[in-house]
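Numbers restart at 1 for each chain; the letters A, B, ... are given by sequence-line order, proteins then strands. Heavy-atom basis, side chains included; hydrogens, waters and symmetry copies ignored.
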Amino acid sequence: MQIATWNINGVKARLDNLLEWLRSAGPDVCCLQEIKSEDAAFPRGAIEDLGYNVATHGQKGFNGVAVLSKHPFDEVLPRLPGDDADEQARYLEAVISTGEGAVRVASIYLPNGNPPDTEKFTYKLAWMDRLHAHAEATLRLEEAFVMAGDYNIIPEPEDAHDPAAWEGDALFRPDSRGKFRSLLNLGLTDALRACTDAAETYTFWDYQGGAWQKNNGIRIDHLLLSPQAADRLKSCRVDKHTRAWERPSDHVPVVIDLAV
DNA sequence: ATGCCAATGTTCCATTGA
């Protein structure tokens, strides 16, 4: 079964690109981030027509996540536990059953956190603590669990074309990267790095400064796998061709294939 | 230190993003 994550940067502005990619790649599950849409305005009909069930957790204007699945949802869980006052739509978890078993999948839009001397960065670190606690609790279920999304974390210098340019940025600060490592240290596997050490593997290229043309990218979209999911990992790829499409998202899809 | 682009709402500028 193929599970994808894609920060779509506005699902309504990007609907044609999304449908084209779903038709050609045909993933079983697709986690979307930055849908920038309220649930009622989400273009679910066009996606359902391609055979997908649709779960959304959106808000007006920005943020917002969704899970699309060709298999039925057993369970849908919006919101990351740990702070009932948090109004930002950044987390949606679903249990998806197939003929051969169930997979728990989370669509994650981790806060950017810039500028790092503001409460935005404090919020990012606190959000990462909540994600850590929730991951730890969920891992105790010993299920195949795929935490997919835009983590807004550059894990290592080799995950940036120009790491020096990211020095001090919320995506690359030692404290941000440290919390990401702590998450991995719970026993999660970074799917892409389990499959390749290929240099210059990126998932985001800024719209500005000709970043795509210069391959000035970063790897910030990740699929982290529980041991039960990692044991079933067959492959992981980045569909970077979508970045060259007209009116592209600044992120591209990352796709894993699981033997489920 | 800031703008560069792009989407959206607060709409002909401001906010947010990375």
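Between the C1' atom of dC4(B) and the CD atom of Gln213(A) lies a distance of 13 Å, rounded to the nearest Å. For the pair Gln59(A) CD and dT16(B) P, the interatomic distance rounds to 11 Å; values are reported in whole Å.
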Point to revise | Steps toward side-chain contact (heavy atoms from CB on, under 4.5 Å) verdict (Ile108(A), Gln33(A)) | key: CA-CA 7 Å; Ile108(A) 293 167; Gln33(A) 300 87 36; 5.9 Å; no
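Nearest nucleotide to the side chain of Lys12(A), out of dT8(B), dA18(B), dA6(B): dT8(B). Nearest nucleotide to the Ala13(A) side chain, out of dT8(B), dG17(B), dA6(B): dT8(B). Residue Lys36(A) places its side chain closer to dT8(B) than to any other of dA18(B), dC4(B), dT8(B).
dT10(B) and dT15(B): their C1' atoms are spaced 8 Å apart (whole Å). Here the separation of dC4(B) from dC13(B), taken at their P atoms, is 15 Å to the nearest Å. Between the P atoms of dG3(B) and dG9(B), the separation comes to 24 Å (whole Å). Atom P of dT2(B) sits at a distance of 22 Å from the matching atom of dA6(B), rounded to the whole Å. dA18(B) and dT8(B) have their P atoms separated by 14 Å, given to the nearest Å. As rounded to the nearest Å, dA1(B) and dC12(B) have C1' atoms that lie 28 Å from one another.
Residue Asp169(A) is out of contact with every strand shown, counting any heavy-atom pair closer than 4.0 Å. Using a 4.0 Å heavy-atom criterion, one finds that Asp221(A) contacts no nucleic acid atom at all.
Counted within 6.0 Å of CG on Asp197(A), heavy atoms from surrounding residues, nucleotides or ligands total 12 or fewer; the atom is thus considered open.
Aromatic ring centres of Trp21(A) and Trp245(A) lie farther apart than the 6.0 Å criterion allows.
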